[in-house]
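Read through the structure below, which is laid out as structure tokens, and then see the notes.
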Amino acid sequence: MHFRTARPTAPEGAHSHPDAAGLAAVVAGARRRAVRDGDRHVDTAHLLHSLLEQDPEARSLVGGPAQLARLLGYLVQRSIGYGLRWQGSVEDSGALPVVPRPATGEAGDWSPAAAAALAHARERARRRGERGATGPDLLAGLVADPASRAVEVLGRAGVHAHELTARIEARAGEFVQDASC
């Protein structure tokens, strides 16, 4: 039996560094999850799920073990019912123009919100003078759009985007202080 795997491309610039802006495994995991879920587009919930699987720092920012378990539970349910209402639709909060449907019918494009989250992560890294984005950079990008699917899932799990943003910024401030010592 031959299995066909989609190889969608990331938004422009996501793979400009060998480590895919520090998030190669996260990006690849999000692609695989979209294909497995039967989605045509990689969205912010795919990115969030993959990020939490791959990045211990991002996991630590989300909250305690109970909150993280609840969040991962919602993300796992996505493919068996919770996220089915999203299938066949493009996540579009108005951040970017709607992404065209892939000709193959496989997950081949990024939702506008996912593309914006990746761009936000790269911009945060650039402002620090880094070549690659980190997990917390992507997490900040995911919560920057209050209408994204990632923010919806976070909210259902009791993780409030504004509180998460404050934790991300506080952690970034700690690293800035440590680097100046």
Side-chain angles (χ1 to χ4, degrees), residues 10-11 14 19-39 41-87 89 91 93 95 107 110-111 113-125 128 130 132-178:
D19 194 18
L23 301 171
V26 172
V27 168
R31 285 190 207 135
R32 283 190 304 274
R33 189 162 300 286
V35 170
R36 186 173 45 236
D37 291 351
D39 295 330
H41 299 93
V42 180
D43 67 24
T44 59
H46 295 121
L47 281 170
L48 177 63
H49 198 162
S50 185
L51 178 63
L52 294 175
E53 288 178 334
Q54 301 288 334
D55 193 292
E57 190 175 359
R59 280 193 304 272
S60 73
L61 286 163
V62 167
Q67 202 164 31
L68 182 60
R70 184 174 176 169
L71 175 57
L72 287 171
Y74 275 111
L75 288 164
V76 167
Q77 289 177 24
R78 172 192 171 102
S79 63
I80 59 172
Y82 173 70
L84 291 180
R85 64 188 170 87
W86 291 333
Q87 281 189 338
S89 65
E91 175 186 33
S93 63
W110 295 81
S111 74
L118 287 165
H120 183 96
R122 286 190 306 273
E123 178 58 25
R124 281 177 56 95
R128 283 193 317 274
E130 302 289 328
T134 64
D137 291 328
L138 180 55
L139 193 56
L142 291 169
V143 298
D145 180 355
S148 73
R149 291 177 182 169
V151 169
E152 181 181 340
V153 172
L154 285 162
R156 289 185 184 270
V159 180
H160 302 287
H162 63 278
E163 293 172 5
L164 183 53
T165 299
R167 285 194 295 273
I168 294 166
E169 294 306 322
R171 177 86 49 96
E174 291 172 12
F175 291 130
V176 170
Q177 287 178 351
D178 289 345

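Owing to the predicted nature of the structure, the values given are computational and were not obtained by experimental measurement.
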Next item on the list: Show the numbers, then the answer: is there a side chain to side chain contact (heavy atoms under 4.5 Å, CB included) between Leu118 and Leu47?
Entry: CA-CA 9 Å; Leu118 287 165; Leu47 281 170; 4.2 Å; yes
Check: Ion pair present between Arg122 and Glu130, side-chain N to carboxylate O less than 4.0 angstrom?
Finding: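 Salt bridge between Arg122 and Glu130, a charged N being under 4.0 Å from a carboxylate O: no.
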Next item on the list: Taking only Lys NZ, Arg NE, NH1 and NH2, and the carboxylate oxygens of Asp or Glu, determine whether Glu169 and Arg124 approach each other closer than 4.0 Å.
Entry: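 Yes, this pair counts.
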Where the side chain of [X] meets the backbone of [Y], is there a donor-acceptor pair that is under 3.5 Å apart?
X      : Y      : answer
Ser148 : Leu142 : yes
Arg156 : Tyr74  : no
Ser50  : His46  : no

First locate atom [atom1] of [X], then atom [atom2] of [Y], and finally report the distance between them rounded to the nearest 0.5 Å.
X      : Y      : atom1 : atom2 : value
Glu123 : Arg128 : CD    : CZ    : 10.5 Å
Glu57  : Leu51  : CD    : CG    : 10.0 Å
Leu138 : Asp55  : CG    : CG    : 8.5 Å
Leu164 : Gln67  : CG    : CD    : 9.0 Å
Thr134 : Leu23  : OG1   : CG    : 7.0 Å
Arg33  : Leu48  : CZ    : CG    : 10.0 Å

Are side-chain heavy atoms of [X] and [Y] found at a separation under 4.5 Å?
X      : Y      : answer
Leu154 : His160 : no
Arg149 : Ser111 : no
Gln54  : Arg59  : no
Trp110 : Thr44  : no
Val151 : Asp145 : no

Could you report the tightest heavy-atom contact between [X] and [Y], atom names first, then the distance?
X      : Y      : result
Val76  : His49  : N-CE1, 3.9 Å
Val42  : Ala34  : CG2-CB, 3.9 Å
Ala133 : Ala121 : CB-O, 3.5 Å

